[in-house]
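Note sheet for the following structure.
Owing to the predicted nature of the structure, the values given are computational and were not obtained by experimental measurement. When a ligand or atom number is given, it counts from 1 through the structure's own listing order.
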Amino acid sequence: MQKKIETVKTLLEALPFIKQFANQKIVIKYGGSAQTSPQLKEQFAEDILLMYLVGIRPIVVHGGGKSITDMLDALNIESKFIEGQRVTTKEVMRIVEMILSGEINKEIVSLLNSHGAKAIGISGKDAHFVTAESLDFAKWGLTGKIKHVDASVINNLVHEKFIPVIAPIAAGEEMGHPGFNINADLAASFIAKSIGAKKIIFLTDTAGVLDNDKQLFTSLTKSEIDALKADGTIHGGMVPKVDACLEAVEGGVEKAHIIDGRVEHSLLLELFTSEGVGTQITL
Ligand SMILES: Nc1ncnc2c1ncn2[C@@H]1O[C@H](COP(=O)(O)OP(=O)(O)OP(=O)(O)O)[C@@H](O)[C@H]1O
Ligand SMILES: [Mg+2]
């Protein structure tokens, strides 16, 4: 009996958060680095389903950096990164699209649907809802920078109770363009601000943003981030992630968090408890 009362108390503790987030859109960036064990993937699906069933409107944007690198290695193609973003030749772009849209997107969609959700997998090429241009073709090739997101595509899906699962690939505007590879963090933040999301959460493979002694920053402001980028504390894949957080909050998203996708149910801990986890980014 006592145990049952504890369960009820736990549910009641979540009540203010459930009320606050009801009918709100929350973008979850599911990092390739957090898509590790089958058990963690199952828990991720359960967390998204729970959010959905209590009336939150989750939108998933996924990455897949590690799988792309593994496939390129298997094909003897070198992976190159500049400032945390992949250099995408035409040859690499084909692999990026196969892995992101073909493999990872469908895996996440199947996982959510087998848990009883109505997930739909799309990339920016669908309905050309995300268009992009070159970041700097000479430097990054087909790695792109988003120009426009047609929010109505996502808003319609969400309105019809679908969970959009988005692969970070954008359409190019010219006829026959192979498309652009978009850093998934930056795709998530652009989509979040375009659809008026209340919150954006980045699931990755660290506790959050760490200092040089591996201690967690529980919150960071824009000026603190600038300094940490300048002295190299924030580097590699964390650079586009903090930039994406800033872009989201500057674009009207109330809260941006970077949390540990390797911790069981970290998504629910962040959403439904007052402690919060990871690093919160503010202006
Ligand atoms: N100050 C920092 N604190 C924490 N991690 C950092 C820091 N600076 C750099 N990193 C690196 O950033 C990585 C997370 O970014 P990464 O791009 O690898 O993962 P992801 O974005 O979750 O996955 P994907 O790119 O596949 O979507 C960490 O694993 C870590 O190596
Ligand atoms: Mg990344």
Side-chain angles (χ1 to χ4, degrees), residues 27-37 40-41 44 59-73 79-88 92 95-101 103-105 107-108 123-124 135 140 143-144 146 165-170 181-192 200-221 224-248 256-263 266-267 270 277-281:
V27 172
I28 316 297
K29 154 65 194 333
Y30 187 29
S33 314
Q35 300 158 21
T36 48
S37 70
L40 274 176
K41 288 181 187 177
F44 169 79
I59 293 107
V60 177
V61 179
H62 63 84
K66 283 199 167 55
S67 303
I68 295 168
T69 299
D70 288 348
M71 181 57 83
L72 291 173
D73 284 349
S79 284
K80 267 201 271 175
F81 290 88
I82 301 177
E83 291 151 41
Q85 298 220 58
R86 185 180 293 279
V87 176
T88 311
V92 169
I95 309 302
V96 165
E97 189 156 34
M98 282 182 211
I99 297 290
L100 292 179
S101 284
E103 188 175 78
I104 298 179
N105 189 276
E107 187 190 2
I108 298 170
S123 83
L135 196 57
W140 283 285
T143 294
I146 298 183
V165 177
I166 305 167
I169 287 172
N181 176 19
I182 311 289
N183 175 277
D185 299 328
L186 297 167
S189 58
F190 206 113
I191 291 167
I200 185 165
I201 300 173
F202 295 81
L203 285 173
T204 187
D205 65 348
T206 68
V209 184
L210 308 177
D211 67 16
N212 287 326
D213 299 320
K214 305 268 176 251
Q215 295 299 306
L216 176 73
F217 290 105
T218 53
S219 78
L220 282 173
T221 62
E224 288 168 333
I225 286 172
D226 287 343
L228 293 169
K229 274 170 40 178
D231 72 12
T233 306
I234 293 178
H235 58 273
M238 196 48 74
V239 173
K241 209 176 299 299
V242 290
D243 288 348
C245 288
L246 289 171
E247 185 186 17
H257 291 264
I258 299 170
I259 69 169
D260 198 337
R262 302 164 308 174
V263 170
S266 54
L267 201 47
E270 166 46 36
V277 287
T279 306
Q280 183 182 347
I281 310 288

State whether the side chain of [X] and the backbone N or O of [Y] hold a donor-acceptor pair below 3.5 Å, judged by distance alone.
{"X": "Thr279", "Y": "Val209", "value": "yes"}
{"X": "Asp231", "Y": "Thr233", "value": "yes"}
{"X": "Asn105", "Y": "Val165", "value": "yes"}
{"X": "Gln85", "Y": "Pro240", "value": "no"}

The protein residues that pass the under-4.0 Å heavy-atom test against ligand 1 are Lys29, Gly31, Gly32, Ser33, Gly63, Gly64, Gly65, Asp185, Leu203, Thr204, Asp205, Thr206, Gly208, Val209, Leu210, Thr233, Ile234, His235, Gly237, Met238, Lys241

Establish, from distance only, whether the side-chain atoms of Thr88 and Thr143 form a donor-acceptor pair under 3.5 Å. yes

Salt bridge (Lys or Arg N to Asp or Glu O under 4.0 Å), that's the test. Do Asp185 and Lys241 meet it? Break it down for me. CA-CA 5 Å; Asp185 299 328; Lys241 209 176 299 299; 3.1 Å; yes

